[in-house]
Amino acid sequence: MKAIRRFTVRPVLPAPLGPLAELARNLRWSWHDGTRDLFRDVDPGLWEASGGDPVRLLGAVPTERLAALAADDGFLRRLGEAADDLREYVTGVRWYQERQAGADGELPRAIAYFSPEFGVTAALPQYSGGLGILAGDHLKAASDLGVPLIGVGLLYRHGYFRQSLTRDGWQQEHYPVLDPNELPVSLLREADGTPAQVRLALPGGRALAAHVWQAQVGRVPLLMLDSDVEENDPGAREVTDRLYGGGSEHRLLQEMLLGIGGVRAVRALCRLTGHPEPEVFHTNEGHAGFLGLERIHELVRDGADFDAALESVRGGTVFTTHTPVPAGIDRFDRELVAHHFGPAAELPRIDVELVLRLGMETYPGGEPNLFNMAVMGLRLGRCANGVSTLHGKVSREMFQGLWPGFDPEEVPITSVTNGVHAPTWVAPEVIRLGARQIGRERTDRALSVGGSERWDAVADIQDGDIWLLRRELRAQLVDEVRRRLHVSWRQRGAATAELGWIDEVLDPDVLTIGFARRVPSYKRLTLMLRDQDRLMELLTHPERPVQIVVAGKAHPADDGGKRLIQDLVRFTDDPRVRHRIVFLPDYGMAMAQRLYAGCDVWLNNPLRPLEACGTSGMKAALNGCLNLSVLDGWWDEWFEPDFGWAIPTADGAATDDHRRDDLEAAALYDLLERRITPRFYEHGPGGLPDRWIEMVRRTLTRLGPKVLAGRMVREYVERLYVPAARAHRVLAPDTAASLAAWKTRVRAAWPRVAVDHVEASAVGATAELGATLALRVRVQLGELTPDDVEVQAIAGRVDPEDHIADATPVPLKPASGPDTEGRLLYEGPLALDRTGPFGYTVRILPAHRLLADGAELGLVAVPSEAAGEAAGVLMR
């Protein structure tokens, strides 16, 4: 019979075991192997059956086993040590506190970090892919460093989908119902014990209420809003049903709840717990962009006008973009957004037109009727960044329209390259090997905080130990693959009697390649299939075979991605190769941890430059896996032949996508045949693949410190959070109002600002290095004064079209007051400091001490052709 209601009965732990509940509720266990070992010893069988989830484990342990543990002095001693270690971890002085002590209070008191998904652990399935995993790693690294972060997201009752395959290899989606009472979360409650609640006003007098669930990620609280509240109508209850599900209005409501409701949840947490109020709000991708509007509304409610509130909010906002393609950004019809704001809906004190102004694509190349969440993020953020050096460049080009008149390299979007949380992704066997070499404490610090001097110790580990470790991890992966493959084939309808061949799948002594990620078309899951005969030869080579483990999910609405999976699955089903290549369904964190550790080579072959960062290869590298990748994302930035191989791209050579895929697939096969497999199977005098082991060693010692999430979070603190906190403090209401008024005045006057005439001291067709050119520029400022602007000469090398590259701005100074026509004269020297083709131009920019960047307003005045010699070419 089927139950009409389902709920969870929690165990009552004997008093001596009380600390187990504290340890289970803090997700630090997910990256602290000592705590996981403790839970495993509670009941090894149940630990495996629970998927390594302490909350599920404790809910299933028989009372007699709990009683036995409560009387076990050895276990209680270990439990006390683990509880003491956790308390010291969450309260002790760490990197941030050490830096704060000598920083004169410039570090932010707290930072709120918003993301639509968080991949902290498989026991809290609230993620779909790289964005969520990155967000989870950000929280964990912040915790390790002591950064006072508050995470904010949504609690999806169905999470992301589980994946299985039909007999013919077509992806099937399943949405299990998640009971928050069975998850490592607890309700945020008011002082009287009732659940804290946030509410949003919806059109037509409806309301959207949400409870706030809290997960503790080490030192970091993670707040997740849940709309499955009884007082909501059915439509409102389903707002947080699925991650990235539903149509446009559903997604808009999710993002309003995340941004607007998320700020309200942060305020509730701070009110109820005494947590410091955030000075910085970090929007991880555009989904949470409405948080800026809610903060503006708070200030307007307190009496500020919109423009002053906007300046104040911008001061403390950081925006990170993760997509290199416009199609990856959420965009909504203007009318849909307008319907959900204003007097009859949410944020009633803000005029709807002002809301729309922040997100509309009112720039060259935009679609004026679309509200763009990334555009709103950029307009609301004082600091913005991409997630790798190449992605920063791509982002500046993609969003250049927001800063007309500026070259892409001047667009104010910087980059902080992603990193990964090593304690989460490095196999315990790798950690133990490091601990034997330099000690456990130094190993833990190297993984969480970084420091190349600690990683250098890997150079002293014996070749034999490294190779034995790699073989052990490969063997574990083989066992895992066979287990998962058996489950998958049973789901596909196969009988146990026809699955004996699975016991021979993969070989722990064969070169193993991993490929696992989401399956949009640009990641090219099936590039390896371009020449199937050649791939078969690689897989079945009698002396140097390779084996490949593939995993990945296509979005439920992406039939093209599902077809790619089906094509690959049909190839892996071929009896001639199925022992050498497998597809594993239901890719997630638990599977990924085995894959990264057990593979020898990590394959990544996206269409360049469409991979924003691509952190899976970083996780593999931390386990001694070598990368084989197109030069995209982080690999473009840090590739060296010591760490792996770069797949040549056919940029400019291919006339169409099919031709490009053919050329790049051929290059992939060539690398495998001629360089990779020979090096893996080439053994030196000692019987070991010496050159391969040396590449593993260099990957760990030289690449390892770069790819850490600890390095990434330190960069965010120093380069983005500190400036944002400083701006937040400076832009108090009166100062913000003054800046807003100045911007309004400058924008109104700018049409009358012009470069009227440019002249320079005579120079011939060539000039000598080290010479100085005297520039004289007459400008019209209209109603503005010299204090409102900066007049610059821009100089540098020029290309054949006279475009200035590596431009250097040189400020010019006022030399005289207005002449009879109201013009001002600016002068200054221009040093000819480089050889070769050299040119210059001049321009006028708004200037104010509180601007984050000269391009902030998107205003610039440059010479017309009649203005004289501007844009001169001095040397050829």
Side-chain angles (χ1 to χ4, degrees), residues 6 114-136 151-164 170-183 185 198 200 202 208-213 215 222-230 232-262 265 284-288 290 322-323 327-332 336 340 373 518-520 552-559 561-562 565 585-589:
R6 184 178 186 274
F114 286 62
S115 179
E117 51 177 301
F118 285 92
V120 179
T121 168
L124 188 62
Q126 301 291 308
Y127 61 92
S128 71
L131 178 68
I133 300 300
L134 179 280
V152 185
L154 301 178
L155 183 75
Y156 304 97
R157 286 301 182 103
H158 297 280
Y160 201 52
F161 70 90
R162 303 293 301 272
Q163 177 196 44
S164 63
W170 189 256
Q171 172 179 293
Q172 297 284 294
E173 298 91 29
H174 313 276
Y175 290 90
V177 178
L178 301 176
D179 179 358
N181 294 295
E182 295 178 342
L183 300 175
V185 297
V198 299
L200 272 66
L202 300 181
L208 171 61
H211 286 160
V212 182
W213 295 91
L222 169 59
L223 308 179
M224 293 174 288
L225 283 75
D226 172 19
S227 71
D228 191 9
V229 177
E230 286 189 8
N232 283 335
D233 62 40
R237 293 189 72 159
E238 292 175 359
V239 166
T240 56
D241 56 354
R242 298 179 180 181
L243 177 58
Y244 303 140
S248 290
E249 184 169 21
H250 189 80
R251 292 286 292 275
L252 178 64
L253 289 174
Q254 284 189 339
E255 296 182 9
M256 289 177 63
L257 182 60
L258 173 59
I260 298 170
N284 188 42
E285 197 46 271
H287 308 82
F290 289 122
H322 287 263
T323 178
I329 298 170
D330 276 342
R331 303 156 85 199
F332 301 105
L336 178 63
H340 283 82
M373 296 298 289
R518 291 184 303 110
V519 190
K553 292 179 176 180
H555 188 281
D558 182 9
D559 283 349
K562 294 180 184 181
I565 290 174
D586 208 27
Y587 180 50
M589 289 185 72

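The figures here come from the full heavy-atom set of this structure, side chains too, leaving out hydrogens, waters and symmetry mates. Note that the structure is predicted; figures quoted are calculated from it, not measured.
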What is the distance from atom CZ of R157 to atom CG of D179, rounded to the nearest 0.5 Å? 7.0 Å
Evaluate whether atom CZ of R251 has more than 12 neighbouring non-hydrogen atoms of other residues, nucleotides or ligands under 6.0 angstrom away. yes
Name all pairs fulfilling the salt bridge (Lys or Arg N to Asp or Glu O under 4.0 Å) condition that reach into residues 233-247, sequence neighbours left out, sorted by first residue then second. R206-D233, D228-R237
Quick one: closest heavy-atom pair of G259 and F114, and the distance? O-CE2, 3.9 Å
Could you tell me how the ring of H287 sits relative to the ring of Y244: parallel (under 30°), tilted (30 to 60°) or perpendicular (over 60°)? tilted
Within the structure provided, determine whether L252 and F290 are in side-chain contact (heavy-atom separation under 4.5 Å). yes
Can you tell me how far apart CG (L225) and OG1 (T240) are? Round to the nearest 0.5 Å. 8.5 Å
Within the structure provided, determine whether V519 and K553 are in side-chain contact (heavy-atom separation under 4.5 Å). no
Taking atom CD of Q163 and atom CD of Q172, what is their separation to the nearest 0.5 Å? 10.0 Å
Evaluation steps, side-chain contact (heavy atoms from CB on, under 4.5 Å), between L253 and H340: CA-CA 9 Å; L253 289 174; H340 283 82; 3.7 Å; yes
Decide yes or no for Q126 and L243: does some side-chain heavy atom of the first lie under 4.5 Å from some side-chain heavy atom of the second? no
Close side-chain approach of M589 to Y127, heavy-atom, < 4.5 Å: yes
Does the side chain of V185 reach to within under 4.5 Å of the side chain of L124, using non-hydrogen atoms? yes
Do the non-hydrogen side-chain atoms of S164 and H174 ever get within less than 4.5 Å of each other? yes
Is there side-chain contact between N284 and L131, with heavy atoms separated by less than 4.5 Å? yes
dist D586:CG -> Q171:CD (nearest 0.5 Å) comes out at 9.5 Å
Looking at side-chain heavy atoms only, is the closest gap between Y156 and M224 below 4.5 Å? no
Derivation and outcome, side-chain contact (heavy atoms from CB on, under 4.5 Å), residues L208 and M256: CA-CA 10 Å; L208 171 61; M256 289 177 63; over 6 Å; no
State, to 0.1 Å, how close F332 and S248 come at their nearest heavy-atom pair, and which atoms those are. CE2-O, 3.3 Å
How close do G552 and I565 get, counting heavy atoms only, and between which atoms? O-CD1, 3.8 Å
To check you understand the geometry: which heavy-atom pair defines the closest contact between H158 and Y175, and what is its length? ND1-O, 3.4 Å
Check step by step if side-chain contact (heavy atoms from CB on, under 4.5 Å) holds for L155 and L183. CA-CA 11 Å; L155 183 75; L183 300 175; 4.3 Å; yes
Between S227 (side chain) and A236 (backbone), is there a donor-acceptor pair under 3.5 Å? yes
Work out which heavy atom in A554 is nearest to a heavy atom in G561; give both atom names and the distance. CB-C, 3.7 Å
Separation between CG of L178 and CG of D226, rounded to the nearest 0.5 Å: 10.5 Å
Of all heavy-atom pairs between A265 and L223, which one has the smallest distance, and what is that distance? O-CD1, 3.7 Å
Pair E173-K562, side-chain contact (heavy atoms from CB on, under 4.5 Å): steps then yes or no: CA-CA 11 Å; E173 298 91 29; K562 294 180 184 181; 2.9 Å; yes
